[in-house]
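The structure appears right after this line, and notes come after that.
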Amino acid sequence: MPLSRDEVRHVAMLARLGLEPGDEEFYAEQLSGILEHIDRLQQLNTDDIPPTAQVVEVANTLREDVPRPGLSQAEALANAPVAVDGFFRVPSIQEEA
Amino acid sequence: MSDLTELTIREAAKLLRLHSFSAAELVTAHINLIERIDSRVKAFLRFTPELWEKQAEAADARISSGDMGPLVGIPMAVKDVLCVRGVETTAGSQILRGFRPPYTGTAASRLFDAGAVMLGVTNCDEFAMGSSTENSGYHPTHNPWSLDRVPGGSSGGSAAAVASGEAMIALGTDTGGSIRQPAALCGVVGMKPTYGRVSRYGLIAFASSLDQIGPFTRSVEDAAIVLDAMAGHDPLDATSSNRPNDVLRDLEAGVKGMKLGVPREYYDVEGMEPVVKAAIDKAIKNFRDAGAEIIDVTLPHTDYGLAAYYIIAPAECSSNLARFDGVRYGMSEVDAQNVTEAYMRTRRRGFGTEVRRRVMLGTYALSSGYYDAYYLKAQKVRTLIKRDFDLAFEKCDAIISATSPTVAFPIGSKTQDPLSMYLCDVLTLGGNLAGLPGISVPCGMSEDLLPIGLQIMAPQWREDVALRVGRAYEVASGVKAEVAPFV
Amino acid sequence: MSSAGWEVVIGMEVHVQPRTRSKMFCGCAVGQLGDPPNSNVCEICLGMPGTLPVINKAAVEACLKTALALNCEIPRHTKFDRKNYMYPDLPKGYQISQYDLPMSVSGYLELDGRRVRVRRVHLEEDTGKLIHAGDKLHKASESFVDLNRAGVPLMEIVTEPDLRSADEARDYAVALRTLLRTIGASEAEMEKGQLRAEPNISLRRPGTEELGVKTELKNINSFRALHRAISFEVTRQTEVLESGGTVVQETRGWSEAEQRTFSQRSKEFAEDYRYFPEPDLPPLEIEASWIEELRRALPELPGARRGRLVSQYGLPAADAVLIAADRDLADLFEAAVAAGAEPKPVANWIIGDVAPTGKIPTPEHLAELVKLVTAGSITRDQAREVLLESVETGRSPAHIVAEHGYAQVSDESTLQDEVEAVMQANPRAVEDYRAGKKQALGALMAELRKRAPQANPKVASELLLRLLD
């Protein structure tokens, strides 16, 4: 099932991946190729097969409600590209009024 | 003493206890070798002198006070996806350039507590996505056995460091084969534990239900020692098992009376090079001579493993990589007009081609209208693949096969066709899908001295079986990992 | 609520912060409003690479207790899912929530004899907070992120669209809050952000089954605002429909300042959350024994208590509703009655004085006070002062009364002097009364109370009336 340019744009937006010139064709072609291989899964009848979301045997792993020390504000911000007065800064979020 | 860089853990531990040299001298020998050859191998991204000086000193203090732990003073390299406090950790990506985690992951922490000494951070495919280390956002790594060839991936740097003698042990991670395949291509031992055996806390996530941390070493026993020190329940990882650690059990017991399964789908896999097949045949003979029974088994859904893997792994990674937005750490497009533009530009420029390809694929597979046909379907096929292994293990104690269908290939030879690269993992990714432990041990070389790896897989939680069979192979064949010669 | 021939249909989505000391998936302390930004955080809730979530047991318990109190079914098997979208207040780029196997389903809350059906109760983590440069989000050139709240646990309680008016919606929210406080699952203070109500509102013609297009309201910070916001939105939707238009399905924010709702939809892009099971968290198997343990430990629920206050103590329903709304007051009531006071007077004192002032006496002291008033030993005004002092100093009313010499005077001959003195000091009022202005009596009584506070008001007023006539 080949991917259309519209679909590529939609997926890129969901993933917040910018598209530079040539990207749309590139993804459309490459992903279509991989998806063609992946399509073979449809040959298998899996109607009565449960999905494996996890291969682990553990269940009910719960943590006691005991606070533990975290990071200081300085440590929390140490890797921030832009920090202002203890906050992380981002450019305009721009939602409609 | 140049052969200080060709020791196993057991040998080094003995000599350290005898005070033939100090831990500081052992580290220095490795650093000297690195200085001599790493400009050609390029296994490392960066070095950690602040750590190795402190840790070697502490190791020497422990040795003086009679501490017998096998890992005290052992020089170790750490793959660039494992967080170590204060050490620049970038997952092989430009998007995390400069990131210094304020914490150390559990597996690395336990090894430091056991006395290991960190030399530096090794190269890898970006976010562990790849089978050749060519996807690194920095530079490729070169196979020590043939510098124009790949070391495998994604843990190519760690494999190359151990293969060249630059490190005695190294940590890698395995999601679809990323420890076992580079181990095979570089002629060293590499092990992926059962999913849940080693804590993933500190491992920069690629595919959460598939990722595991494991050791690169030059002997099976060394791998067992490192695994033993790392493994065990971690309250910080809800998927880590409560099972007791018994990986060292029966290591020397040999394979007499054991049943070893050879899956015909692996044996006959498309693209298998004749030299690899010949090496596996020889290994099978070694096992027979050592008293094992060789059984035909079948893993009927093998042909669907790649397809299932290339939905599940990209889907999970597309979610795991959403946190790289330039707000709290890493690269950031500070000139963007608004947040959406900032995200899009940061991620377009910060992620390499393969990562973007997989994020797109994964996002698509999870998106509305496609979830059932792709992600859910793949998880069902995953169940079928796991059942294949369960059934096979009713007939045999361990499964043996080649690790990789080919020996190391030239740098650049598979980068144009993603699928051809993905096929490198066709014999290893089943083990990830089913959560099984697997080890690759060197089992010979091609005529041009390119290493070949033998893969041994065991049932869930039976690392001890995989290690035992691997050890038995070393004894029966006389083949052991060698350090690649350099001038 | 009818609105020009339209039936109002409301469903409520309430987010409640359960009482826990640490966050949902990491050990950070939950912290307070007003803490410095990014000071209650760790590598996990900051979404740093390599970190993993681990579920807080107390949050699960609070959710299960809530589910039990709301008569929900609790499935044996529950799991968490990732809700994927990128936004500056969401550090991991996904929120860990519950999608198709939530912790509980199909319950109800009894409201005025009706059942408001609860569709589900589930657990998730909160996001951080954004502060926008300037005031309005859409004009801000930059924003600032505080992740202190990121990772705080939240219970999401969703009803079926069973509510039919702003009154009902508000009553539901209030009753839910009472219930949560009674079982100790949450403090549920809206002002502290521990309870957030998001109504979904649509209109339809009466008698139709199909639901109209709904809007979801956010940014409502009090029960009053909830009522006003719903009322506004109903009016707005009515106008849209009456003028032949269609309601747009969207999220709308309530502006307290402008007293209106406004559209919050992002114009470009419809998010797709791409839910899938959270691979870092194995599923939870809820053992029946755990549920039974929690059920046994539940205190008496407000509904049951209300009923019992009526049947056991003969209180009028209105009083029972008010008292049962607060577990501490209800406990006080029952203990004071047990200490020998009459139920109705105790109820009056709790509703009239204790609850409004927030000054809570011990049950023994309250009982004593009530008995003193009932016996006529002190006036109500005196009793109010005694109550205050008793709470402040901890001393018993009897002691305080004795000290102040408050014992009420009911003897007519003693009072006669006082009454005559008041009449002499206020000739104008006396004339007014005799001229037919009966309300002048009130003024005279007020003067008398000032002059002789311990005068028994009933006796004194009878005396005054006799002397005036």
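Convention: sequence-line order gives letters A, B, ...; per-chain numbering from 1.
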Honestly, the part of C:P277 sitting under 4.5 Å from a heavy atom of chain A is side chain
Whatever's closer than 4.5 Å to a heavy atom in chain A on C:F25 counts as backbone
Honestly, the part of C:D89 sitting under 4.5 Å from a heavy atom of chain A is neither
What do you reckon, is CZ of A:R89 surrounded by more than 12 foreign heavy atoms closer than 6.0 Å?
yes
Checked A:L62, A:L71, A:D65 vs chain C; the most non-hydrogen pairs under 4.5 Å come from A:D65
Under 4.5 Å to a heavy atom of chain C? For A:A74 that would be neither
message = Does C:Y99 have more than 12 heavy atoms from other residues, nucleotides or ligands lying within 6.0 Å of its OH?
response = no
Whatever's closer than 4.5 Å to a heavy atom in chain A on C:K23 counts as backbone
Between C:P37 and A:G86 the two heavy atoms that sit nearest each other are CB-O, 3.6 Å
Checking C:L147, C:I131, C:L130 against A:F87 for side-chain contact (heavy atoms from CB on, under 4.5 Å), the one that qualifies is C:I131
Interatomic distance, CD@A:Q73 vs CG@C:N148, rounded to 0.5 Å, equals 8.5 Å
CE of C:M24 to CZ of A:R63, rounded to nearest 0.5 Å, is 8.0 Å
Rounded to the nearest 0.5 Å, the CG atom of A:D85 sits from the CG atom of C:D146 at a distance of 12.0 Å
When the 4.5 angstrom heavy-atom criterion is applied to C:E278 and chain A, the contacting part is backbone
Taking a cut-off of under 4.5 angstrom between non-hydrogen atoms, the residues of residues 50-60 of chain C near chain A are C:V54, C:I55, C:N56, C:K57, C:A58, C:V60
Does atom NZ of C:K214 have more than 12 heavy-atom neighbours from other groups under 6.0 Å away? no
The reported gap from CZ in A:R68 to CZ in C:R21 (rounded to nearest 0.5 angstrom) is 15.0 Å
Whatever's closer than 4.5 Å to a heavy atom in chain A on C:C45 counts as neither
Interatomic distance, CD1@A:I93 vs CD@C:E142, rounded to 0.5 Å, equals 11.0 Å
Okay, C:L284 and chain A: the region with an atom under 4.5 Å from a heavy atom over there is both
Practice item. Kindly indicate whether the side chain of C:W290, heavy atoms from C-beta on, has any atom under 4.5 Å from the side chain of A:N60. Key: no
Closest heavy-atom pair, A:V66 versus C:S22, reported as atoms and distance to 0.1 Å, is N-OG, 4.1 Å
